[in-house]
Amino acid sequence: MNMKLSYRDKVVFIVVIVIIILVAGFMLFVKPKFEEIDVAKYDLEAVQSRKDEIDAKIATLPDIIDNIKEIAKDVGEKQEIFLDEQDPYLNETYVRDALSNQNLEYLVMTTAYTTASTINRYTVNPAHILTYTNKMETDLYHELPEIYYDRFNDVPPETYPNTILGVTNMTFAFKSDADFRTAYNVIDRLATDEKTIVLNTISCDLKNEVAEDREVSIALTMYSILPLNVDRILEEETGEVKPLETPAE
């Protein structure tokens, strides 16, 4: 059977073939690219969201640095009362200076090596004079500060963690004058510095009939820390932190 296609049939056939090729090409090549674009857009949104979070954190960096510097200043003021943790010989120098200030020379000086020791902090929670019964009972809407109720109900104060410091024990002796005024002056000299030095004992050899030759012996405990370099922290430049660049689409 011999079938001949008309011109119209040929045109329709060619158009169908072209459509099939276009559809097949779209399914094989174009559609996957669109899917890849959708995935890329999703990834871009996720990266952009992460970038916004990082930029927000970076924006708080200057405030964090300022806060660190304020804390460093506070630490600098408090650590002034402590001796620097160092070779015990240097702590001896501190006492020698106190004696030299009174024109005294030590007869003997014994210093133990500095050791780490736990210092237990304690707090006192005084009763508030305004937390009387009538006032507390008339606070119907609980508008008074919580500290009023804590003190009224004898709530124990907050327990603070123990602190580890360097501890140096020292004993030294020197000759005092007849009325022991020089001994008192040495103690006053140490107290004036307001350092963390505890006077454990002070004794005098009263058996010696010559008052000027009587030896005064003092035992001290000296607390020290490794100081924070506050000046270095305050000198650190904040620097300009630039936001992250927006990813290109």
Side-chain angles (χ1 to χ4, degrees), residues 57-58 60-106 108-126 145-147 150-151 155-174 182-202 216-241:
K57 292 179 179 179
I58 290 176
T60 64
L61 184 57
D63 293 335
I64 294 175
I65 293 176
D66 290 341
N67 187 39
I68 291 175
K69 290 184 176 182
E70 288 299 322
I71 294 174
K73 289 180 181 178
D74 186 50
V75 171
E77 294 175 358
K78 289 181 171 58
Q79 72 183 10
E80 287 297 324
I81 67 174
F82 290 92
L83 296 170
D84 291 348
E85 191 171 296
Q86 54 197 347
D87 190 288
Y89 171 79
L90 298 176
N91 287 334
E92 290 180 359
T93 302
Y94 176 82
V95 175
R96 288 192 188 96
D97 290 341
L99 293 173
S100 177
N101 183 264
Q102 301 299 322
N103 297 318
L104 296 172
E105 293 185 4
Y106 66 93
V108 62
M109 183 175 291
T110 304
T111 306
Y113 282 103
T114 302
T115 58
S117 180
T118 301
I119 307 300
N120 298 319
R121 294 200 292 179
Y122 66 93
T123 58
V124 178
N125 189 30
E146 195 64 31
I147 190 173
D150 289 344
R151 292 180 176 176
V155 175
E158 181 181 359
T159 302
Y160 294 98
N162 296 334
T163 303
I164 299 177
L165 301 174
V167 179
T168 306
N169 291 306
M170 178 186 300
T171 302
F172 60 95
F174 56 91
T182 53
Y184 301 144
N185 290 342
V186 170
I187 297 172
D188 290 340
R189 169 68 174 77
L190 296 175
T192 300
D193 288 348
E194 295 184 348
K195 295 290 185 179
T196 46
I197 299 177
V198 176
L199 173 62
N200 296 320
T201 60
I202 178 170
V216 175
S217 179
I218 294 179
L220 300 176
T221 297
M222 313 171 77
Y223 295 99
S224 59
I225 60 171
L226 185 63
L228 174 69
N229 190 340
V230 177
D231 291 338
R232 182 175 178 181
I233 294 177
L234 298 180
E235 289 174 359
E236 289 290 337
E237 295 184 3
T238 302
E240 180 181 358
V241 182

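Side-chain atoms are counted along with the backbone in the values below, which use heavy atoms only and exclude waters and symmetry mates.
To the nearest 0.5 Å, atom CG of residue Asp63 and atom CD1 of residue Ile68 are 11.0 Å apart. Separation of atoms CD (Glu92) and OG1 (Thr110) is listed at 8.5 Å; rounding is to 0.5 Å. The structure places CG of Leu99 at 7.5 Å from CD1 of Ile218, a figure rounded to the nearest 0.5 Å. Interatomic distance, Lys195 NZ to Glu80 CD, rounded to the nearest 0.5 Å: 5.5 Å. Distance check: Leu220 CG to Thr201 OG1 gives 8.5 Å after rounding to the nearest 0.5 Å. Taking OG1 from Thr115 and CG from Leu165, the interatomic distance works out to 11.0 Å, rounded to the nearest 0.5 Å.
In this structure, Glu146 places its CD atom where more than 12 heavy-atom neighbours from other residues, nucleotides or ligands lie under 6.0 Å away.
Side-chain contact between Tyr106 and Val95 is absent, with no heavy-atom pair separated by less than 4.5 Å. Residues Phe174 and Gln102 have side chains not in contact (no heavy-atom distance under 4.5 Å, counting atoms from C-beta outward). Within the 4.5 Å cutoff, the side chain of Leu190 has no heavy atoms near those of the Leu199 side chain. Residues Val75 and Ile71 form a side-chain contact, since some pair of their non-hydrogen atoms from C-beta on lies under 4.5 Å apart. By the 4.5 Å heavy-atom criterion applied to side chains, Asn185 and Arg189 are not counted as neighbours. Looking at heavy atoms from C-beta onward, Ile197 lies out of side-chain contact with Tyr223 at the 4.5 angstrom threshold.
At a cut-off of 3.5 Å, with distance as the only test, a side-chain donor of Thr168 or Thr114 sits close to an acceptor on the other residue.
Taking both residues in full, the closest heavy atoms of Ile202 and Ala183 are given as CD1-CB, 4.5 Å, listed atom of the first, atom of the second, then distance. For Gly76 against Val230, the heavy-atom pair with the smallest separation is CA-CG2, 3.7 Å.
Counting only distance, with no hydrogens or angles, the side chain of Lys69 and the backbone of Ile64 share no donor-acceptor pair below 3.5 Å. Proximity of a side-chain donor or acceptor of Gln79 to a complementary backbone N or O of Ile225 within less than 3.5 Å is not detected.
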